[in-house]
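Every chain is numbered from 1, with letters handed out A, B, ... down the list of sequences.
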Amino acid sequence: MATLKKLGRSFYRRKNVVEIARDLIGKILVTGFDEILTSARIVETEAYAGVIDRASHAHGGRRTKRTEIMYAKGGHAYIYLCYGVHHLFNIVTNGEDVPHAVLVRAAEPLEGIEQMMERAGRKSSNKTDISLTSGPGNLSRALGISTHHSGIDLLGEEIFIASDGLRVADSDIISTPRIGVEYAGEDAMLRYRFILRGNPYISAKKIFKI
DNA sequence: CGACCGATCGTCT
DNA sequence: GACGATCGGTCGA
């Protein structure tokens, strides 16, 4: 595997969260805790544009104990529990008091696949199953990410994003509306979701046809 | 294959 | 006390 270069603060502090969501396609999400290292290449993201975005937890400047970390400077993890079951991993972006975030929805496993399957309760004899890291809940489970990690700095060693130098052509990144945000009115139509063209790990493929 | 439904619980009203 | 930025199983066509 090529040398990994951890993304620095400047990547996350940029002001355009949609651009950051697009730039994250092809980057590598790494977790290293419990003496287990797992990594996966990000193939699907969604941008949440803060106070003006009706789909965002920070819409209208809403600020609660749970969402407080969204108001931190870029490069922190915001993880919350969805439907009481799924731990969804978000990357906080922009500067302090600007609650932008990118939801990572799917990735392609690279390192530690055995450990990922163990975390997901799969039999290691099974051939690699797409659903292992397809969809935000599955991805977090495979990488061992839970709400307990919410607030950690992505410049540390527990959870971080890195580049292995892979360049993804603009033409290989497709934008679509976000998944499961019908409640957001006009904002539900924004093409803030990005997927790596043709990658099998992408979730909610129905939307592909749009 | 598509539609539907139950699981499950922290968070916010 | 209601409700999710979901998932996986089941059921019917």
Visitor: Classify A:R141 by what it touches in the nucleic acid, base, sugar-phosphate, or nothing, heavy-atom distance under 4.0 Å.
Guide: sugar-phosphate
Visitor: By nearest atom, which of the nucleotides B:dT11, C:dA5, B:dT8 is closest to the A:R66 side chain?
Guide: B:dT11
Visitor: Which of the following nucleotides, B:dG10, C:dT6, B:dT13, is nearest to the side chain of A:R62?
Guide: B:dT13
Visitor: Are the charged groups of A:D153 and A:R9 less than 4.0 angstrom apart, N to O?
Guide: yes
Visitor: Whole Å only: how far is the CZ atom of A:F89 from the C1' atom of C:dT6?
Guide: 17 Å
Visitor: Okay, side chain of A:T67, backbone of A:H57: is any donor-acceptor separation there less than 3.5 Å?
Guide: no
Visitor: With a 3.5 angstrom cut-off on both distances, give the Watson-Crick or G-U wobble partner of C:dA5, or none if there isn't one.
Guide: none
Visitor: Just name whichever nucleotide pairs with B:dT8, Watson-Crick or G-U, keeping both distances under 3.5 Å, else none.
Guide: none
Visitor: Under 4.0 Å, counting only non-hydrogen atoms across every strand here, what does A:N90 touch: a base, just sugar-phosphate, or nothing?
Guide: base
Visitor: Give a yes or no answer on whether the side chain of A:K6 reaches the backbone of A:L154 with a donor-acceptor pair at less than 3.5 Å.
Guide: no
Visitor: A:L81 has a side chain; which of C:dC7, C:dG8, B:dC9 sits nearest to it?
Guide: B:dC9
Visitor: Give me the distance, rounded to whole Å, that separates C:dA13 from B:dC5 when you measure between the P atoms they each carry.
Guide: 15 Å
Visitor: Is a side-chain donor or acceptor of A:R197 paired with a backbone partner of A:S171 at a separation under 3.5 angstrom?
Guide: yes
Visitor: CD of A:E44 versus C1' of C:dA5: gap in Å, rounded?
Guide: 11 Å
Visitor: Using OP1 and OP2 only, check whether a side-chain N or O of A:H86 sits under 4.0 Å from C:dA5.
Guide: no
Visitor: Between A:D34 and A:R119, does any NZ, NE, NH1 or NH2 come within less than 4.0 Å of an OD or OE carboxylate oxygen?
Guide: no
Visitor: Output the single nucleotide from C:dT6, C:dG8, B:dT8 whose closest atom is nearest the side chain of A:R105.
Guide: C:dT6
Visitor: Verify the stacking flag for A:Y80 against B:dG10: centroid separation must be under 5.5 angstrom and the ring planes must differ by under 30 degrees.
Guide: no
Visitor: To the nearest angstrom, how far is A:R193 atom CZ from C:dA5 atom P?
Guide: 16 Å
Visitor: Is there a side-chain contact between A:Y83 and the phosphate of B:dA7, meaning an N or O under 4.0 Å from OP1 or OP2?
Guide: no
Visitor: Applying a 4.0 Å non-hydrogen cut-off, can you work out what A:V181 is touching in the nucleic acid: base, sugar-phosphate, or nothing?
Guide: sugar-phosphate
Visitor: Expressed as a whole number of angstroms, how long is the span from A:H57:NE2 to B:dG10:P?
Guide: 16 Å
Visitor: Can you check the A:I130 CD1 to C:dG8 P distance for me, whole Å?
Guide: 13 Å
